[in-house]
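Numbers restart at 1 for each chain; the letters A, B, ... are given by sequence-line order, proteins then strands.
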Amino acid sequence: MPPVTALERDFPAAVLSRIGEHESWRKEIHRPATSTHKWWAKRLGSIFRGILTAAVTEDEAAALQAYRSATRLRGLTVFDPFAGSGTTVVEAAKLGARVVSWDINPVATLVQRQAVQRWDISELERAYKLVEERCRAEIDRVHRTESGETVLYYFWVAVAACPVCHADTRLFSTHVFSQNAYPKRVPAARIVCPVCLDVMLGRYDFDELTCRNGHRVTRSGAVTRSTMTCPDRHTSKVLDALAGEAPRSEMYAKLVLGFNGKKRYEPITEFDRSLYAECSGLLQQQESELVLPLGELDHGENTRQAIRWGFTKWRQFFNDRQLYSLGLLASAIRDLSVGAAEREALAALFSGTLEFNNMFCSFKGEGTGAVRHMFSHHVLKPERTPLEAHPWGTPASSGSFSTLFQSRLLRAQVYKLAPTDQLLKAEGVVRTAGLSLPTEATVADVWPAAGLTPGTMYLRTGDSSRTDLPDESIDLIVTDPPYMDNVHYSELADFFHAWLRELVP
DNA sequence: GCAGCTTCGACTAAAGGGTT
DNA sequence: AACCCTTTAGTCGAAGCTGC
């Protein structure tokens with residue numbers, strides 16, 4: 001390595017900025033290996049590839065030349081002590097380096113392992129089929145209409161009693177519960193009556209209408225920001241009304257996938273309510289056999305809001321049907337007897353689906369991603385109108401176990417065997433194959449006695465302020481360290497860990 | 001093979017409340 | 001009054017998908 005490198009004096013910032021901007025639009029498409037599961041502040045692969053190659057060259061031209069060279073880091077050992085989802089790990093491996101990767105958070109190292117661990121694809125598919133046989137029929141059964149059609153989403157609303165008159169108040173901020181992302185272009189919208197929960201078709205900008213039971217429905221609901229107005233017009237703070245208890249919720253509508261393949265909105269029926277009640281009973285009966293989330297929220301910057309709302313246990317983030325369905329799914333994965341790597345891949349996939357299947361999610365609308373998942377703002381913000389999705393899912397679902405198996409695991413597998421990279425050409429940024437080595441490796445969780453060999457990675461969950469790395473064993477340290485105390489990922493990652501502790505020992 | 005629609009996560013603006 | 005912070009939701013570009 002040169003004494004003064006391109007990283008210090010001639011970094012190809014202009015080119016990498018163009019490439020990085022392109023990659024940033026859909027990170028998961030360009031870097032599937034590190035996208036099998038949620039992690040926060042994922043860094044751009046192309047930028048880290050640029051950093052790695054600039055660190056071993058003298059000037060911009062040489063750095064850009066190295067950026068195109070699959071084996072430029074061969075013979076070097078790269079260490080990331082705060083590795084997160086593993087961007088450094090993957091980029092270094094793609095350039096032929098030996099890799100050491102630490103992170104204190106077990107969810108982070110789970111994500112890293114999926115990015116490099118070798119999967120036997122037929123074993124992975126066999127494991128997926130076994131899980132499907134064990135739990136799919138039952139999950140499907142509890143997400144359907146009386147006529148047997150699939151329910152993609154159930155819409156829920158939180159309810160609080162007015163502190164003055166104790167009247168129950170449904171905490172809608174608007175009675176439009178579904179509209180297009182571009183409502184001026186597609187003005188049709190779905191409206192709910194806050195009195196009888198009738199579901200109507202209208203316009204996104206309607207002023208007032210009358211439901212089929214004769215109730216007057218206005219566009220705005222009982223809640224504005226943090227203030228609620230009860231049916232008798234008393235105003236109070238929502239948090240005062242909740243008085244430290246997590247809100248009760250009520251189902252008010254569903255999105256059905258009809259036998260004809262078309263989606264339609266419908267009100268909740270007695271059948272829906274009794275099906276849900278049945279799930280509560282089944283959950284109670286099978287409590288001891290099912291994998292369920294354990295533990296309480298730690299007090300911290302990112303959990304404060306949820307705790308103020310009365311959410312103190314991770315289990316409260318899910319309703320009974322979610323606990324039952326996800327519990328069945330997780331138990332099926334726990335009980336698999338298949339290869340360890342393939343089983344862990346499904347555990348990671350399962351954990352990833354949790355982000356879209358809990359009562360902190362909401363409906364984003366039509367014409368855009370349907371589910372606004374719980375971490376879209378890096379905090380745990382309680383939802384007043386949560387969305388309950390079908391966890392197994394259908395091809396028309398977003399964020400379900402079956403769709404993410406395709407879009408996350410299988411896509412990651414393809415990428416790990418033949419990674420692609422972005423190059424800046426005259427016509428723009430172009431995705432290009434053949435510039436990288438496969439990322440697959442055998443994972444060790446202690447420093448190998450014989451030293452690291454190509455094809456082996458040392459990947460460890462632990463505090464990197466003290467390591468067992470021998471002197472002179474590392475050539476490059478490339479990392480994105482914790483940024484002051486700004487975002488407390490561990491507090492958020494506990495949401496996944498509450499389930500994973502029983503799945504990934 | 002192509003046009004138009006859907007999907008994804010991230011970015012950004014705006015509203016409104018709280019604080020100094 | 002000025003400023004800051006929280007909350008809400010509207011918008012975006014690219015890639016994948018669907019139907020012709």
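- The phosphate of dG16(C) has OP1 or OP2 within less than 4.0 Å of a side-chain N or O from Arg431(A).
- Within the structure, a side-chain polar atom (N or O) of Gln179(A) is placed less than 4.0 Å from OP1 or OP2 of dG10(C).
- The salt bridge (charged side-chain N to carboxylate O under 4.0 Å, His left out) check on Arg216(A) picks up Glu208(A), with sequence neighbours excluded.
- Looking at every heavy atom in both residues, Asp120(A) comes nearest to Glu342(A) through N-OE2, 2.7 Å.
- Atom CZ of Arg219(A) and atom C1' of dT8(C) are 14 Å apart (whole Å).
- If you take CD of Glu28(A) and C1' of dT6(B), they are 14 Å apart, rounded to a whole angstrom.
- A search for ring-ring contact (aromatic ring centres under 6.0 Å, His included) contacts involving Phe496(A) returns His37(A), Phe375(A), not counting sequence neighbours.
- Between Val429(A) and Val223(A), the one whose closest nucleotide on DNA chain C sits nearer the 5' end is Val223(A).
- Between Trp392(A) and Tyr128(A), the ring planes are tilted. Angles from 30° to 60° get that label.
- Using a 4.0 Å cut-off between charged nitrogen and carboxylate oxygen, Arg49(A) and Asp421(A) count as a salt-bridge pair.
- At whole-Å resolution of the value, CZ in Arg384(A) and P in dA9(C) are 7 Å apart.
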Polar atom pairs (N or O), protein with nucleotides 14-18 of chain B, under 3.5 Å:
| unit_1 | atom_1 | unit_2 | atom_2 | d |
| --- | --- | --- | --- | --- |
| dA15(B) | N3 | Arg225(A) | NH1 | 3.1 |

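- The nearest whole Å value for the distance from the CG atom in Asn180(A) to the P atom in dG4(B) is 17 Å.
- For the pair Glu383(A) CD and dT6(C) P, the interatomic distance rounds to 18 Å; values are reported in whole Å.
- Straight-line distance from the CG atom of Leu387(A) to the C1' atom of dT8(C): 17 Å, rounded to whole Å.
- Partners of Pro81(A) according to the side chain to side chain contact (heavy atoms under 4.5 Å, CB included) rule, which considers only residues two or more places apart in sequence or in another chain, are Phe79(A), Ser464(A), Ile477(A), Thr479(A).
- Qualifying ring-ring contact (aromatic ring centres under 6.0 Å, His included) partners for Tyr153(A), counting only residues two or more places apart in sequence or in other chains: none.
- The ring-ring contact (aromatic ring centres under 6.0 Å, His included) test applied to Tyr204(A) returns no partner, not counting sequence neighbours.
- Taking every side-chain heavy atom of Lys263(A) into account, dT7(B) is the closest of dA10(B), dT7(B), dG16(C).
- Counting any heavy atom pair closer than 4.0 Å across all strands shown, Ser407(A) reaches no nucleic acid atom.
- Comparing the helix axis at one end of the helix from dG1(B)-dC20(C) to dT20(B)-dA1(C) with that at the other, each defined from 5 consecutive pairs, gives an inter-axis angle of 10° (nearest 10°).
- Take Ser85(A) and apply the side chain to side chain donor-acceptor pair (under 3.5 Å) test, not counting sequence neighbours, and it matches no residue.
- Across the protein-nucleic acid pair, Arg31(A) atom CZ and dA15(C) atom P stand 13 Å apart, rounded to whole Å.
- The CZ atom of Phe360(A) sits 12 Å away from the P atom of dT7(C) (whole-angstrom rounding).
- Look at Ser173(A) and you'll find a side-chain N or O under 4.0 angstrom from OP1 or OP2 of dA9(C).
- Scored by the side chain to side chain contact (heavy atoms under 4.5 Å, CB included) test, Thr312(A) finds Gln316(A) as partners (sequence neighbours excluded).
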Distances under 3.5 Å between protein N/O atoms and the N/O atoms of nucleotides 12-14 of chain C, please, pair by pair.
none

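- For Glu388(A), the salt bridge (charged side-chain N to carboxylate O under 4.0 Å, His left out) partners are Arg321(A), not counting sequence neighbours.
- Remark: Arg68(A) pairs with no residue by the salt bridge (charged side-chain N to carboxylate O under 4.0 Å, His left out) rule, at least two apart or across chains.
- Taking every side-chain heavy atom of Phe356(A) into account, dG9(B) is the closest of dG9(B), dA10(B), dA9(C).
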